[in-house]
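A short write-up of the structure that comes next.
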Amino acid sequence: MAVKTIQAPIPGTFYRKPAPDQPAYKADGDTVAVGETVGLIEVMKSFTPIVAEEAGRIVKFYVENEDPVMAGEPLYDLEA
Amino acid sequence: MPVTKIFVANRGEIAVRIIRAARELGIATVQAVSAADRDMLAARLADEVVEIGPAHARKSYLDMDAVLRGAIESGADAIHPGYGFLSENAAFAEKVEQAGLVFIGPKAETIRAMGDKATARAMAAAAGVPTVPGSEGRVDGVEAALAVAETIGYPVMIKASAGGGGRGIRVAQDAGELATLIPQASAEALAAFGDGGLYLERFVGTARHVEVQILGDGTRAIHTYERECSLQRRRQKVWEEAPAACLTPEVREALCASAVRLAESVGYRGAGTLEYLYDAATGEFFFIEMNTRIQVEHPVSEMITGIDLVREMIRIAAGNPLAYSQADVRLKGHAIEVRINAEDAAKNFLPAPGTITGLRVPGGMGVRFDSMLYPGYSVPPFYDSLLGKLIVWDETRAGAIARLSRALGELEVSGLPTTTPLHKALAADAEVQAGAFHTRWLESWLETHPIDNPAS
């Protein structure tokens, strides 16, 4: 089982939930399918969904909801 | 109450603008910054800098307690909220005054009354200012909405009472559509603004957006003429000018007088803007809403009148009466402002933060550049994409457009794409030059005029 670190493709604010009063898209330990939304990145008031390009299990997130991220910063570890 | 030290509770170019005005008045400044904004230009220009929280605006610039704490601890005696963020938050204005500080803006009750669009409409009507034919205040439920629409005629626009910035708006072509849209719009307004209240207005198809800049001292008010902001994309203004080329002198006089009447009737204090729809086909103007703050596009009004609006806001907040009477305000020439955004117009206006690797600022007669840029500055991804504003003035509108083209040709921002190519194309367009546009003109123009962005 290989573990790889998924990085932020763009800089901005990382959201782990679709809205403040809703549960997180994914938690540590959850499985994820190809094309599933893992989070959102807001860049200058426009929102880009971050979707899984590979299926697997999310080992752990490096960023919390509403944390600022830079492009290339680790978002989460995926066990594929 | 004297103002000796202003806490600037905003960022970007408006923070720079406020610091400049304060310094000219001999007033010290404290710049509030988020953790992501320590390097911004305003932080470099201010006398002091206070960090109020992390990058996320809700935890810094929008956090009332964090802002107030920063202001009090820095020993400031006044807060300037700029535009956006807390500038039109009545609860914040109240907290500032309760803390014994001066809020540089209107009274909390004015912000509250004008922030509710249905109340604002009713107050305008009471002051004899024409409003778009529509409901008397809020409409409760589908039956009431259908009855109102019957009297004003279709198509009708459904608007959220608590909305703003173009959000929460629907257009219904007939009764069937209205019945479907009312519950949807109400649910959406409730989710977005915490208030499901709606009102209805006649839908004016080819309207022009004209707004009047006013200044008041709580008793007396004056206008500094109107601006036209019809060139919009997704209801965001792109290009603004003053005066509005579409108005006759008679309509201009009636429009501006109506704005002063409304401002005086609410005892307005500070700088404010009354927004109107102008129907060029019938020559009618209708009040839509009031913005109880300084606006992004205020420099065009400054350029045609010579009045420093931000300086005057500060003087009024410090307890001085208006320094001008209406007779002192003379309209001279024509001014245009274009918004330089960190967006790639060639890629559907994709926002593009990045580092400014090179900068050449235009200059010369009649050219002004209000911006947050300096070489080496990293534009953060956390806030809006406005980098600055290029403002030009000349004696005639045609002269101002020629000067704008010249200044845009001199402007160079390297390191990220900007909306400069869009403005060059607009300045060269025959319809723009003829002043023949309306609020939905730009979006359809963009479909047939793809913007090439050599920098992207």
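Throughout, protein chains are lettered first and strands after them, A, B, ... in sequence-line order, and every chain is numbered starting at 1.
Atom CZ in B:R58 sits 10.0 Å away from atom OG1 in A:T13 (nearest 0.5 Å). Interatomic distance, A:F14 CZ to B:H56 NE2, rounded to the nearest 0.5 Å: 12.5 Å.
Ranked by non-hydrogen atom pairs under 4.5 Å with chain B, the options A:M70, A:E66, A:E42 are led by A:E66. Considering only heavy-atom pairs separated by less than 4.5 Å from chain A, the leading option among B:P380, B:A35, B:A55, B:P353 is B:P353.
For the pairing with A:M44, the side chain to side chain contact (heavy atoms under 4.5 Å, CB included) check across B:D384, B:L350, B:V379, B:L386 returns one residue only, B:V379.
Contacts between B:A36 and chain A at a heavy-atom distance below 4.5 Å are absent for every atom of the residue.
Residue-environment remark: CD (A:Q22) exceeds the threshold of 12 foreign heavy atoms within 6.0 Å.
Here the closest heavy-atom approach between residue B:F382 and residue A:G12 is recorded as CE2-O, 3.2 Å.
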